[in-house]
Amino acid sequence: MIETSDENTPFTPVTVLGLGPMGRALAAAFLKARHPVTVWNRTPGKAGDLLDRGAVAADSVQDAVEAGEVIIACLIDYDAVRATLEPSQAGWENRRLVNLTSGEPAQARQMSLWASSHGIDYLDGAILTPAPAIGTPSATVLFSGARDVYESAQETMAAMGGTAVHLGDEPGRAAAYEVALLDIFATSVNGIVHAFALASAEGIEPERFATFATQIGGLLPEMITRFARQIQTGRYPGDRSTIASAASGITHIINTATIHGIDVGMLTAAKGIIDQAVGDGYGPEGLARLTTVLHRAGRP
Ligand SMILES: NC(=O)c1ccc[n+]([C@@H]2O[C@H](COP(=O)([O-])OP(=O)(O)OC[C@H]3O[C@@H](n4cnc5c(N)ncnc54)[C@H](OP(=O)(O)O)[C@@H]3O)[C@@H](O)[C@H]2O)c1
């Protein structure tokens, strides 16, 4: 307990392992909230102005762990977290490891098992917002893992700003949400760059195209909510548009892209699912039905 805002409110010492853009943003947010902050990064010299603002750079992971009560790991992947922490298994008494590194649900579960086998209190987390949003009301962070560990770190983690949600004791839950949400992002980005490639091959100026493309993006929130309702109830009305119509639409895109020599791998895979749905008799149903076809298509 290094400093107090008043006689009764101690500021928990926080360690941040990893000084990529997100690690730096986290360290800055904890400093702003007046926590004593220790930072460590594999490659030295990445702390920048964090040191001027009061952070201390640890020479070793072991020193960094011992300096904090809440130890945040924010590295490129779970393998890096394991490689970083494996040699520093001592000194974890009265400390919690909060792993905010992106990963897969199975990796989060394995990490939790690894931590408990070393007597380390562990909380997994997934940051859903970009680095500049950390410490602002728009930040959203999901947590999963033992509730008592979450509650003991909750007040400290409030420095990240915005919304924090504990999804329950199952350690893989936050990563499960994260990968499913990243699925939207990854496929959407692919769709956007493909559309720009197709538009420019047809001689359409990117900025002119964007004025219409953003209208398509604006349709997505309502569609996501409507699909959720349909998937929840198992009813997929084709009153707005049908899978049969989508089969026709995606064929136009594939044919035009092919003429221009643009890759159609992702579209062909998507058409394969649509064709399978039509073959199964789902042509008159709405697009949310494709969720159930995808489930079957992915089975060995
Ligand atoms: N940036 C964002 O806006 C954002 C948003 C949401 C979630 N996230 C997640 O936050 C995590 C960190 O992201 P980031 O953007 O800060 O940077 P990043 O590029 O994903 O990761 C860079 C950090 O990982 C370290 N690192 C890489 N390999 C390592 C290894 N083998 N051993 C130890 N350290 C290693 C780097 O150290 P060196 O400097 O030594 O290379 C650096 O500190 C990621 O999981 C990312 O998905 C980021």
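On a predicted model such as this, the values are computed, not experimentally measured, just so you know. First listed ligand is number 1; within each ligand, the first listed atom is number 1.
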Parallel, tilted or perpendicular, as decided by the 30° and 60° cut-offs, for the rings of Tyr150 and His166: parallel
Any N/O pair [X]/ligand 1 closer than 3.5 Å:
| X | value |
| --- | --- |
| Asp77 | no |
| Pro130 | no |
| Leu19 | yes |
| Gly18 | no |
| Met22 | yes |
| Glu178 | no |

Can you list the ligand 1 atoms lying under 4.0 Å from a non-hydrogen atom of [X]?
| X | result |
| --- | --- |
| Ile127 | 6 (C), 7 (C) |
| Thr101 | 45 (O) |
| Gly23 | 16 (O) |
| Lys46 | 38 (P), 39 (O) |
| Asn41 | 37 (O), 38 (P), 39 (O), 40 (O), 42 (C), 43 (O) |
| Cys74 | 10 (O), 11 (C), 12 (C) |

Closest non-hydrogen atom pair between Ala174 and Leu167, with its separation: CA-CD1, 3.7 Å
For atom 30 (C) of ligand 1, closest protein heavy-atom neighbour: Arg42 NH1, 3.2 Å
Closest protein heavy atom (residue, atom, distance) for atom 3 (O) of ligand 1: Ala131 N, 3.0 Å
Min heavy-atom dist Thr129 to ligand 1 below 4.0 Å: yes
Non-hydrogen atom of Pro21 closer than 4.0 Å to ligand 1: yes
Residue part near ligand 1, for Thr84, under 4.0 Å between non-hydrogen atoms: side chain
For Arg226, all residues meeting salt bridge (Lys or Arg N to Asp or Glu O under 4.0 Å), sequence neighbours excluded: Glu222
Salt-bridge present (Arg95, Glu66; N to O < 4.0 Å): no
